[in-house]
Amino acid sequence: MRLSQSLIPTLKETPSDAQIASHRLMLRAGMIRQMASGIYAWLPTGLRVLSKIAQIVREEQDAAGAQEMLMPTIQSADLWRESGRYDAYGKEMLRITDRHERELLYGPTNEEMITALVRDSIKSYRDLPQLPYHIQWKFRDEVRPRFGVLRGREFLMKDAYSFDVDYAGALVAYKKMMLAYMRTFQRIGITAIPMRADTGQIGGDLSHEFHVLAPTGESGVFYDAAFETGDALVETDIEKFYEQMTTIYAATDEKHDTALWDKIPDERRREGRGIEVGQIFYFGKKYSESMGFAVTGADGSKFFPEMGSYGIGVSRLVGAIVEARHDDAGIIWPDAVAPFKAAILNLRQGDATTDAICETLHDQLGADGLYDDRDERAGAKFAEADLMGHPWQIIVGPRGAAKGQVELKRRATGERLELSVQDALAKVLG
RNA sequence: CGGAGCGUAGCGCAGUCUGGUAGCGCACCAGUCUGGGGGACUGGGGGUCGUGGGUUCGAAUCCCGCCGCUCCGACCA
């Protein structure tokens, strides 16, 4: 893509309402624009990141055996009256009335809808377990939206729901999801830690929150160093994995247990800040019972399936990654979710040699390359590439170009290499 | 939901106290020079001063209502 023809409205100055790094940088890098309080438009680069994250989430959900579907954003109030949550949910729910005075709502979550859908088609224990999910926009009318996409009112969430014949089955689903989540965050390129959590609004008695470590996180977190290194993920046997995840110490300040903490050796203790990017719940028969979802068992009698729900804040993850990975100059994208793998910086636009090299690079990189072909000075191009955070910058200046060489800069480390065009391409694409 | 602010050009702001025909920097357009860390100069374009009402000869400025947005706290993927 050519920068000169892109809708990437970067800003030199910080909009006054952006308080934290991710909000500031996402605005400055031209990824998002606020359209109303807590409601954002995703511009081309922002959408690229959002889509890449969603795709990783999708692949890991599929790998865990979940099935993708898509439920609507607008739901009927009647559905929520069945579970009793229409009145219980309170003002966070955006309620809408249509032209026929029918009561609707913009879904803040989908337990009711998925339970109704599965209830209408699954009648026998033989058809369980079921593990559907979707990636859809949600709306929660937060009292106080802030921090850009970290606490928006409208947000993109992956939510999966498990239906099992018994507790043992539900626990299997829970463990599978925990593994899928850890793999997802690892692939994205961030450290996230599962922590025991309250079940809140959803209800139930087993729940973990996943926190991305970032200095600006909203919660204080305490954890064992094992989570830092990724050692905790080496285990591939799901039972052993789950045991590790639930026995190695990790807790938010709300659930911090000083007695257990004191037993951890000093050198393994880590304190930091975390941003919650996911939560998983087991809540038993709460919805199957209240919504009358019973199936026939092997003995011919009816029973209520055991359920759980599993959320990942996809849009929030974008902000969380920026919080975790930025410096004074801008964003430092992990390779897996960067909007572009590399920026091509033509330091002498209009020079036949640099232009030709840049055109070659642009052709070869395809959708992974962003070609800064503007007639700007070198400094402006450097600053903007650093701001946007491309993992690689391919710097094409007249000096090197004469020798057929370009300079390859790694954003994360600042490391620079003088390479031939082909070697630079191989490194970026390899 | 309690408390506190802010709305003036795309962005950042001054002007409001003390009423007199709206300004600065960046960005944008044209041109010249420049050319490896947001360069310089010259010339331009862009505003119902959030909105409705009131006071006044005259309102960005004073008064009242409304809307929007932000910050602190309590709550949350």
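In the text below, chain A, chain B and the rest are named by the order of the sequence lines, each starting its count at 1. Hydrogens, waters and symmetry mates are skipped; everything else that's a heavy atom, side chains included, is used.
- Pair assignment for B/rC75 gives none, since no Watson-Crick or G-U wobble pairing has each distance under 3.5 Å.
- Using a 4.0 Å heavy-atom criterion, one finds that A/Gly397 contacts the bases of the nucleic acid, with or without backbone contacts as well.
- Here the separation of B/rU51 from B/rC69, taken at their C1' atoms, is 14 Å to the nearest Å.
- Side-chain nitrogen and oxygen atoms of A/Thr109 include none within less than 4.0 Å of the OP1 or OP2 phosphate oxygen of B/rA77.
- Nucleic acid contact for A/Val277: sugar-phosphate only, since backbone atoms but no base atoms lie under 4.0 Å from a heavy atom of the residue.
- Each of A/Met35 and A/Glu254 has a nearest nucleotide on RNA chain B; the 5'-most of these lies closest to A/Met35.
- Applying the 4.0 Å criterion to OP1 and OP2 of B/rG12, one finds that A/Thr14 has every side-chain N and O outside that range.
- With respect to the salt-bridge test (charged N to carboxylate O, under 4.0 angstrom), the residues A/Arg28 and A/Glu13 do not qualify.
- A donor-acceptor pair shorter than 3.5 Å can be found between the side chains of A/Tyr174 and A/His208.
- Heavy atoms of A/Ala383 sit under 4.0 angstrom from at least one base atom.
- Considering only side-chain atoms of A/Lys91, the nucleotide from B/rC1, B/rG36, B/rG39 that sits closest is B/rC1.
- The side chain of A/Gln34 contributes no N or O atom lying less than 4.0 Å from OP1 or OP2 of B/rG68.
- Note on A/Lys12: every side-chain N or O is 4.0 Å or more away from OP1 and OP2 of B/rG12.
- For the C1' atoms, the distance linking B/rC29 with B/rA9 amounts to 15 Å, nearest Å.
- Note on ring orientation: taking the six-membered ring where Trp is involved, the planes of A/Tyr371 and A/His362 are tilted (angle from 30° to 60°).
- Between A/Phe222 and A/Trp261, the gap from one ring centroid to the other is short of 6.0 Å.
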